[in-house]
Amino acid sequence: MSAKIKLAVLVVVVIIAGVLVVLFKDRITSLLKNQNSQNKQETQQVVDTKPTWFSGLTGQEQSLFVTPKQDSTQQELDDYSELAYSLAKAGPEIVIGTNCQPSPLALLVGPNLVSIKVTNNDTIDRTITLSPTKKYVVKKGEFTKIDITDLGASRILGYNCDNVKPSGFLVIKPE
């Protein structure tokens, strides 16, 4: 292929690419704006603030909401675990009250428990979130069973109720 033909092909490709950019510029811009808007909404859906009922908690209960950072020392992690275990109440059920207030605040479950029951005693439907892939809508005045088999053993897991992060805690005791 001669140099003139290669140059002509290159020019045609550049022109076609330019035409495609012009034709689809508005669509690409629109898609990018929608993606940015969606990302902002997802970020804003979980609010890392204290729930309205937080001030009614004891000092120890409030301390449970100060979760360890990734760079915490082993002693800090141990202290937090000790606090969580001391506050956790054994049982298979969480009851959600007004403004997503859970009872108990920390539910202690055994490592072999398959599910927990979440009862919504509030006047509106509530969404309980254990992880990005584990979200459950609990209708007002009703309950649902939540599978906890894949949460792992011996851990403390904060869960969200609607947009309150965290609302309460699951304390999974070791085997």
Side-chain angles (χ1 to χ4, degrees), residues 36-175:
N36 286 340
S37 174
Q38 184 179 359
N39 287 345
K40 285 180 185 177
Q41 287 175 349
E42 288 173 2
T43 302
Q44 292 171 353
Q45 285 178 354
V46 176
V47 181
D48 206 0
T49 59
K50 304 292 186 265
T52 56
W53 41 265
F54 184 80
S55 61
L57 299 176
T58 67
Q60 275 194 319
E61 290 170 331
Q62 289 181 8
S63 295
L64 195 55
F65 285 84
V66 183
T67 56
K69 306 282 187 256
Q70 285 184 326
D71 63 346
S72 294
T73 66
Q74 187 59 50
Q75 184 61 50
E76 291 169 329
L77 295 171
D78 291 345
D79 290 347
Y80 185 78
S81 291
E82 186 178 315
L83 173 68
Y85 278 97
S86 72
L87 294 174
K89 307 277 189 282
E93 180 179 20
I94 298 169
V95 177
I96 303 297
T98 305
N99 296 319
C100 284
Q101 184 169 6
S103 178
L105 179 63
L107 180 68
L108 180 64
V109 296
N112 299 320
L113 192 64
V114 173
S115 65
I116 59 171
K117 178 180 176 183
V118 177
T119 302
N120 180 1
N121 282 348
D122 206 347
T123 57
I124 61 173
D125 297 349
R126 296 294 185 182
T127 300
I128 303 299
T129 305
L130 298 178
S131 72
T133 59
K134 293 181 86 63
K135 294 183 180 190
Y136 304 87
V137 174
V138 187
K139 303 260 184 219
K140 65 181 178 180
E142 296 183 11
F143 71 90
T144 191
K145 293 276 188 175
I146 294 180
D147 177 23
I148 61 169
T149 56
D150 61 347
L151 296 180
S154 187
R155 65 182 289 203
I156 301 162
L157 175 69
Y159 62 86
N160 304 340
C161 176
D162 291 349
N163 67 344
V164 178
K165 175 188 176 186
S167 293
F169 300 86
L170 284 179
V171 180
I172 303 170
K173 60 185 172 184
E175 293 186 39

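One is the number of the first residue; the rest follow in order along the sequence.
Take S131 and apply the side chain to side chain contact (heavy atoms under 4.5 Å, CB included) test, not counting sequence neighbours, and it matches T133, K134. By the salt bridge (Lys or Arg N to Asp or Glu O under 4.0 Å) test, K145 pairs with no residue at all, sequence neighbours left out. Legend: residues meeting side chain to side chain donor-acceptor pair (under 3.5 Å) with T149, ordered by chain and number and at least two apart, are D147. Listed by chain and residue number, D79 satisfy the side chain to side chain donor-acceptor pair (under 3.5 Å) test with Q75 (two or more places apart in sequence, or in another chain). Residues meeting the ring pair (Phe, Tyr, Trp, His ring centres under 6.0 Å) test with F54, sequence neighbours left out: F65. Residues meeting the salt bridge (Lys or Arg N to Asp or Glu O under 4.0 Å) test with D78, sequence neighbours left out: none. In this structure Q60 satisfies the side chain to side chain contact (heavy atoms under 4.5 Å, CB included) test together with T58, L83, L87, sequence neighbours excluded. Legend: residues meeting side chain to side chain contact (heavy atoms under 4.5 Å, CB included) with A88, ordered by chain and number and at least two apart, are A106, L108, V171.
Within the structure, salt bridge (charged side-chain N to carboxylate O under 4.0 Å, His left out) pairs that include any residue of residues 99-109 do not occur (at least two apart or interchain). For residues 55-75, no pair satisfies salt bridge (charged side-chain N to carboxylate O under 4.0 Å, His left out), with sequence neighbours left out. Pairs passing the salt bridge (charged side-chain N to carboxylate O under 4.0 Å, His left out) check and including a residue from residues 111-130, sequence neighbours excluded, read D122-R126, D125-K139, R126-D162. Listed by first and then second residue, the salt bridge (charged side-chain N to carboxylate O under 4.0 Å, His left out) pairs involving residues 85-101 amount to none (not counting sequence neighbours).
Considering OG1 of T98 and CH2 of W53, their distance stands at 12.0 Å, rounded to 0.5 Å. With values rounded to the nearest 0.5 angstrom, C161 atom SG is found 5.0 Å from I96 atom CD1.
Without hydrogens or angle criteria, Y159 side chain to S167 main chain gives no donor-acceptor distance under 3.5 Å. Judged by distance alone, with hydrogens and angles left aside, the side-chain atoms of S63 form a donor-acceptor pair with the main-chain N or O of G59 at under 3.5 Å.
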* Stepwise, does the side chain to side chain contact (heavy atoms under 4.5 Å, CB included) test hold for I172 with L157? -> CA-CA 8 Å; I172 303 170; L157 175 69; 5.6 Å; no
